[in-house]
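Residue numbering restarts at 1 for every chain, and letters A, B, ... go by the order of the sequence lines.
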Protein chains: 4
Amino acid sequence: MSIGRPRNNAHSDAAKEAALQLLTEHGYAAISMEAVAQHTGIAKQTLYRRWKNKRDLILDAFVDDANRMPPAADTGSLEEDLRLYLRQTATLLNSNCGVTNRALMAEGLQDSDFLKELRERHLIKRRTRLRDIIRRKHTHFTEEQETFLVDLALGPVWYRLLVQNAPLNDAFTDALAHQVTRAARELETQTS
Amino acid sequence: MSIGRPRNNAHSDAAKEAALQLLTEHGYAAISMEAVAQHTGIAKQTLYRRWKNKRDLILDAFVDDANRMPPAADTGSLEEDLRLYLRQTATLLNSNCGVTNRALMAEGLQDSDFLKELRERHLIKRRTRLRDIIRRKHTHFTEEQETFLVDLALGPVWYRLLVQNAPLNDAFTDALAHQVTRAARELETQTS
Amino acid sequence: MSIGRPRNNAHSDAAKEAALQLLTEHGYAAISMEAVAQHTGIAKQTLYRRWKNKRDLILDAFVDDANRMPPAADTGSLEEDLRLYLRQTATLLNSNCGVTNRALMAEGLQDSDFLKELRERHLIKRRTRLRDIIRRKHTHFTEEQETFLVDLALGPVWYRLLVQNAPLNDAFTDALAHQVTRAARELETQTS
Amino acid sequence: MSIGRPRNNAHSDAAKEAALQLLTEHGYAAISMEAVAQHTGIAKQTLYRRWKNKRDLILDAFVDDANRMPPAADTGSLEEDLRLYLRQTATLLNSNCGVTNRALMAEGLQDSDFLKELRERHLIKRRTRLRDIIRRKHTHFTEEQETFLVDLALGPVWYRLLVQNAPLNDAFTDALAHQVTRAARELETQTS
DNA sequence: AGCTAATCGAGACGGTACGTCGCGTCTTGAC
DNA sequence: GTCAAGACGCGACGTACCGTCTCGATTAGCT
């Protein structure tokens, strides 16, 4: 047990919640330490005691929110598994969670350290889950091959999310699942 | 003919160049109207006379740099054409141009109007060129199918550039070109 | 003429006035750049553009106020002149002006640079006037002798103002004027 | 007998010493409860348990140092006694003791209650000693006359210490002793 | 040549937020 | 009950950019 008065954990939650609320209600630019402090009644100094700057609070707040990721179902069919996972991912990203992911990336593109942390704390999970789905059926892929297939599956999804040239609908993710499955099968053939 | 003292066009170039320099030398956060003004000796008012805000300057400054896109060679083979195009794209994005693309997206994610403009003035060109490559071989695709294939090709590239910060090497783009070609062929079969 | 938009002089006056008002109404501790800014509608940055910190604003504000010093009457009699001057000084210091002088000294005792500036911009004037009164009658004093007599006259006044918080009444200043006069006369005798 | 763990008296001394050290080494502004706590390893709460606020600690810390006052020698001659006493006072105030006296006054000017306490616990002693010297030779002065003479003697000294930051040398204090003696003699004459 | 009008540099200005500091209070577990 | 540790609300500090504004000084085309 650490000495001294313990931190009030409710504060952390309140701050993160306030940050999320500010984002969804007044847009990304409305998130400020000042506003979070005023909104929650938490002293600014207390916020800075827990997060060394604004970015860190935002990261923490959104990672919690964004970590709600679909479980990887196991239907026995790779394409079916991929289709389900990508559909769920799309559904999630079409909701508020997409907004927060975009916001996080807005920060990430301005600060590579932040992006690195974002990847390690958050994005990696989505990748891992996808990789596991693939690995269930294809056990002999090299790491490079796995990475390629994951990029092939997630790349177009993020591309649409960030650049927003087209909607993330079922037709899109299903087609994507189909192509990734075929690509995996082909790689398997080449390897053996 | 407008009356009064004409604008000094050298200023526009100087400002854009300064913005670029600030980005590459001190990182994205260093780009500020204040800094551009001070760096170039141009008055802030002059900058605001030409660009209505910081984002607009950044768009203008980087779009030139970011617009440099590979020509679409025509070898007769779709996979070969894609391979060439994606390799050249990767080469470009591995240079400074990747940095500026990231900067533009950083702004785009904070302002959807800006993103729209960015898409229409800049990103669309890369897509069009890719679409044309595909269209040369596959003339009967619906727009949705074309869009899907372009997303399948560019998605993973952007994903690595923006999100994963992973290397865009030949192995990657070649594999990508291969899968896109395969996907196109399959779509053709299904359609007919 | 300096280039650029000229400063709005009304701002300086408003800020100084607000500082004085805050002092007299809510006490010395109430003077803050924050409060002055809010009170006057002047942006904090504007205040800091004119005064490099809180102390400087306070000094400037009070020097204006405190410079209202009694003129040195010339009755032909040294004691009479001294009596008049010290009475007027006492009257002034018994008013608001005494409060501001105490406030300035509170700062001065915490920062010797500030005290130096305070002496040079403000306190010196009181001394000069007294020295002139003495010099009219005694033209052959050394600088050291003059300094001594001025200290002899002003020391007890400041002592009561700052330390003793004792009344500065006519009985006191008259007695003081009398002793300073006798001291001057004696010094004259010794010198010749 | 109080119950529970007894206070560690070494702490009080350590805190006072730290305050003094901060003053002399880094200037008045460096004295903060925060710094004293960190410097000594004493918890802030412990400090506040012993002194109700910063001022009180400062008073307690410096009053010991500031209390060192010259004894009042009795040579039989008033002027000689005054000369000795003022010389010794000057010597003391030229040392560290002058710095601490300035620090105490800096606090006193911001809080009249504090000033009152400072006078009663500390400054009064110097006055009393001087008054006693005078009283030995002049037994019939009213309290007002005594007060005047003490102010006449100490005023210029404090004035130089606090306001003028001018040297307290023998020439100065001797001249002062001489004038105070003369003033006393004259008052005696007038009274009788 | 003189007039008109937009340009330019410089920099003041109101705002909003930043991240830091010190105050005095409170809350732990250990002694 | 005291102690070290440190969380906490509060209020101010001085700084950084934002985008707007107001100056005097250029610098053209139009009369």
- Task: Would you give the length of the straight line joining atom NZ of C/Lys44 to atom CD of C/Glu34, rounded to the nearest 0.5 angstrom?
- Result: 4.0 Å
- Task: Give me the residues of residues 35-48 of chain A where at least one heavy atom lies under 4.0 Å from an atom of DNA chain F, by number, or none.
- Result: A/Gly41, A/Ile42, A/Ala43, A/Gln45, A/Thr46
- Task: Mind calculating the distance between CZ (B/Arg55) and P (F/dC18) to the nearest angstrom?
- Result: 11 Å
- Which nucleotide in the list F/dC17, F/dC8, F/dG14 gets nearest to the side chain of A/Arg50? F/dC8
- Using heavy atoms to find the nearest nucleotide of DNA chain E for A/Pro6 and D/Asn53 separately, return the residue whose nucleotide is more 5′. D/Asn53
- Classify the side chain of A/Arg5 versus the base of E/dC26 as yes if they form a donor-acceptor pair under 3.5 Å and no if they do not. yes
- To the nearest angstrom, the CE-P distance between D/Met33 and F/dG6 comes to 19 Å
- How about B/Leu47 and B/His11: do any of their side-chain heavy atoms sit closer than 4.5 Å? no
- Message: Quick one, A/Cys97 with A/Phe62, criterion side chain to side chain contact (heavy atoms under 4.5 Å, CB included). Give me CA distance, side-chain angles, the key distance, then yes/no.
- Response: CA-CA 9 Å; A/Cys97 187; A/Phe62 295 173; over 6 Å; no
- Message: Any salt bridge linking C/Arg50 with C/Asp60? Criterion: basic side-chain nitrogen under 4.0 Å from a carboxylate oxygen.
- Response: no
- Taking CD from D/Glu34 and C1' from F/dG9, how many angstroms apart are they, rounded to a whole number? 14 Å
- Task: Can you measure from CG (A/Leu161) to CG (B/Leu162) and round to the nearest 0.5 angstrom?
- Result: 11.0 Å
- Query: Where each residue is assigned the nucleotide of DNA chain F containing its nearest heavy atom, which of C/Gly4 and B/Gly4 is assigned the position nearer the 5′ end?
  - Reply: C/Gly4
- Task: Measure from the side chain of D/Arg49, starting at C-beta and using heavy atoms only, and say which of F/dC18, E/dA17, F/dC3 lies closest.
- Result: F/dC3
- Do A/Gln110 and B/Gln110 come close enough that some side-chain heavy atom pair is under 4.5 Å? yes
- Spacing of A/Tyr28 atom OH relative to E/dA17 atom P, expressed in whole Å: 14 Å
- Item | Gap between atoms NZ and C1', on B/Lys52 and F/dC18 respectively (whole Å) | 15 Å
- Point-to-point distance, once rounded to the nearest 0.5 Å, from CG of D/Leu22 to NE2 of D/His39: 5.0 Å
- How close or far is atom C1' of E/dC23 from atom CG of D/Leu57, stated in whole angstroms? 14 Å
- Which residues in residues 7-16 of chain B have at least one heavy atom lying under 4.0 Å from any atom of DNA chain E? B/Arg7, B/Asn8, B/His11
- Task: Mind running side chain to side chain contact (heavy atoms under 4.5 Å, CB included) on A/Leu115 and B/Arg102 for me, showing each step along the way?
- Result: CA-CA 12 Å; A/Leu115 183 57; B/Arg102 292 167 68 94; 3.4 Å; yes
- Side chains of A/Ile58 and A/Trp51: closer than 4.5 Å at any heavy-atom pair? no
- Query: E/dC21 C1' sits how many Å from D/Ile31 CD1, rounded?
  - Reply: 16 Å
- Task: Using only side-chain N and O atoms of B/Lys54, determine if any of them is under 4.0 Å from OP1 or OP2 of F/dC18.
- Result: yes
